[in-house]
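Heads up: the structure comes next, in C-alpha cells.
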Amino acid sequence: MTKTVVYLHGFASSSLSEKAQLTQTYFRHHYPQLDFTALDVPYEPVAALATIKQHLEQRDITTDNAKAKQLVLIGSSLGGFLATCIAEQYGCRACLINPAVAPHLVLSAHLGEYFHPVLQQTYQVTLDHMASLKQLMPKTLRQPENYLVLLQTGDEVLDYRLAVDYYQGATLIIEQGGNHSFVDYQQQLSTITEFCQLN
C-alpha cells in the first residue's frame, strides 16, 4: 500500500516556502514511490482542516480504514498544529517542526488581512478564528508516541517550552539556538523518514 505524505505549511506561508520546497525535493528525489503533497491550505483554521480532509478523502483515507495508518503528516509552525489535529483523528504519525501550541494565543497579535500566494485568495484573520483555534486544540494526545517534534530553543516566534510540555511522551529533538524557521532543517529529513518508517 502506497504511503501518503502531506506537508503542511505555517501561518501566512505556502507550499512555496523554503521548507516545503526542501521537503518536496527530498521526497521526489529519494522516495518517488510515495504519494507526497505540499498542500496549500487557507489561513482560516476550520477551512484549512476541511481542505486537508478533502485531500485525504480524494485518496480514500478515512479515520476508520487501514489507509490512515499509511498516512504521514509533516507540519511546520501552525502546520504542526493542524497536523496534530488531523493525527489525533486519523491515528497516523506526524513530524512537527517548531509547532504552534495554543496558536490562538500567538496569532491574536496578528489579526488582519493576508494574501495566499498560491491559492490567490485574501483572508481576513479575525478574533472568531482565534476562538476556532482554541476549540480545535486537542486537550491531550491520545498517542504521543506517534509524534516526532523538532524544536530549536532560539525560536523567536514560539516558546519551544510549550511544545516540550504539550508533547510529553513524543520523540523530541531539541537543538540549542536556531530560529523559528529551524536552521539546517534539511539535515532532519532522513530522521523524519526513519521515524515515519518511510524507508
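A donor-acceptor pair under 3.5 Å is formed between the side chain of T153 and the backbone N or O of G177. Looking at S17, its side chain does come within 3.5 Å of a backbone N or O of A20 through a donor-acceptor pair. Side chain of N98 to backbone of N179: a donor-acceptor contact under 3.5 angstrom is found. Looking only at distances, a side-chain donor or acceptor of S14 sits under 3.5 Å from a matching main-chain atom of L16. Checked by atom type and distance alone, the side chain of E175 never pairs as donor or acceptor with a backbone atom of Q152 at under 3.5 Å. A donor-acceptor contact shorter than 3.5 Å links the side chain of D40 to the backbone of S15. Side chain of Q197 to backbone of E194: no donor-acceptor contact under 3.5 angstrom is found. Checking side-chain atoms of N146 against main-chain N and O of A94 turns up no donor-acceptor pair under 3.5 Å. Checked by atom type and distance alone, the side chain of T25 never pairs as donor or acceptor with a backbone atom of L22 at under 3.5 Å. The main-chain N or O of Y160 is never found under 3.5 Å from a side-chain atom of D155 such that the two would form a donor-acceptor pair.
Here the closest non-hydrogen pair linking T84 and P138 is CG2-CG, 4.3 Å. In terms of heavy atoms, Y147 sits closest to A87 at OH-CB, 3.5 Å. Between H104 and M130, the shortest heavy-atom contact is CB-O, 3.2 Å. Of all heavy-atom pairs between P144 and L141, the closest is CD-O, 3.6 Å. The shortest non-hydrogen separation linking P99 to A163 is CG-CB, 4.3 Å. Annotation for V41 and H9: closest pair N-NE2, 3.1 Å, computed over non-hydrogen atoms.
Counting only heavy atoms from C-beta outward, the side chains of H110 and V125 never approach each other to under 4.5 Å. Contact check for V101 versus M137: side-chain heavy atoms found under the 4.5 Å cut-off. At a threshold of 4.5 Å between non-hydrogen side-chain atoms, the residues Q186 and Y26 do not count as touching. Between Y90 and K69 the shortest side-chain heavy-atom distance does not fall below 4.5 Å. Between Q121 and P42 the shortest side-chain heavy-atom distance does not fall below 4.5 Å.
Under the 4.5 Å side-chain heavy-atom criterion for grouping Ile, Leu, Val, Met, Phe, Trp and Tyr, F115 is not connected to V118 through any hydrophobic cluster. Tracing side-chain contacts under 4.5 Å through hydrophobic residues (I, L, V, M, F, W, Y), one reaches L136 starting from L78; they form part of the same cluster. At a threshold of 4.5 Å between side-chain heavy atoms, the hydrophobic network of Ile, Leu, Val, Met, Phe, Trp and Tyr places L150 and L8 in two separate groups. Taking hydrophobic clusters as Ile, Leu, Val, Met, Phe, Trp and Tyr residues chained together by side-chain heavy-atom distances below 4.5 Å, I174 shares a cluster with L162. Linking Ile, Leu, Val, Met, Phe, Trp and Tyr residues whenever their side-chain heavy atoms come within less than 4.5 Å leaves I52 and I97 in two separate clusters.
Classification of the Y185-F182 ring pair by plane angle, with boundaries at 30° and 60°, yields perpendicular. Taking the six-membered ring where tryptophan is involved, the planes of Y43 and F11 are tilted, since the angle between them lies from 30° to 60°.
Once rounded to the nearest 0.5 Å, the distance linking CG of L34 with CD of Q70 reads 10.5 Å. Annotation: the span from L73 atom CG to L82 atom CG amounts to 10.0 Å, rounded to 0.5 Å. If you take OG1 on T122 and NE2 on H116, they are separated by 11.5 Å, rounding to the nearest 0.5 Å. Put simply, OH on Y167 and CD on E145 are 14.0 Å apart, with the number rounded to the nearest 0.5 Å. Taken to the nearest 0.5 Å, the OH atom of Y7 stands 4.0 Å off from the OG atom of S76. Between atom CD of residue E44 and atom CG of residue L49 there is a gap of 12.0 Å, rounded to the nearest 0.5 Å.
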- Task: Could you give me the CA-CA distance, side-chain angles and deciding distance for I192 and T23, then say whether side-chain contact (heavy atoms from CB on, under 4.5 Å) is met?
- Result: CA-CA 10 Å; I192 290 172; T23 308; over 6 Å; no

- Run the side-chain contact (heavy atoms from CB on, under 4.5 Å) check on F81 and L133 step by step: do they pass? CA-CA 9 Å; F81 172 81; L133 285 169; 3.6 Å; yes

- Message: For V149 and Y166: C-alpha separation, side-chain torsions, deciding distance, then whether side-chain contact (heavy atoms from CB on, under 4.5 Å) applies.
- Response: CA-CA 11 Å; V149 185; Y166 183 71; over 6 Å; no

- Message: Please evaluate residues V164 and L151 with respect to the criterion side-chain contact (heavy atoms from CB on, under 4.5 Å), reporting the C-alpha separation (whole Å), side-chain torsions for both, the decisive distance (0.1 Å), and the verdict.
- Response: CA-CA 9 Å; V164 173; L151 300 168; 3.7 Å; yes

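The salt bridge (charged side-chain N to carboxylate O under 4.0 Å, His left out) test applied to K3 returns no partner, not counting sequence neighbours. Shown here are the salt bridge (charged side-chain N to carboxylate O under 4.0 Å, His left out) partners of D128, two or more places apart in sequence or in another chain: there are none.
Counted within 6.0 Å of CD on Q124, heavy atoms from surrounding residues, nucleotides or ligands total more than 12; the atom is thus considered enclosed. For Q135, the CD atom is loosely surrounded, since the number of other residues' heavy atoms within 6.0 Å does not exceed 12.
Residue V106 is found in a hydrophobic cluster whose other members, listed by chain and number, are V157, L158; membership requires side-chain heavy atoms under 4.5 Å apart, directly or through intermediates.
With V6 as the partner, the side chain to side chain contact (heavy atoms under 4.5 Å, CB included) test is satisfied by one option alone out of L71, I74, I61: L71.
Cation-pi check for R28 over F36 is not met; the charged atom does not lie both under 6.0 angstrom from the ring centroid and within 45 degrees of its normal.
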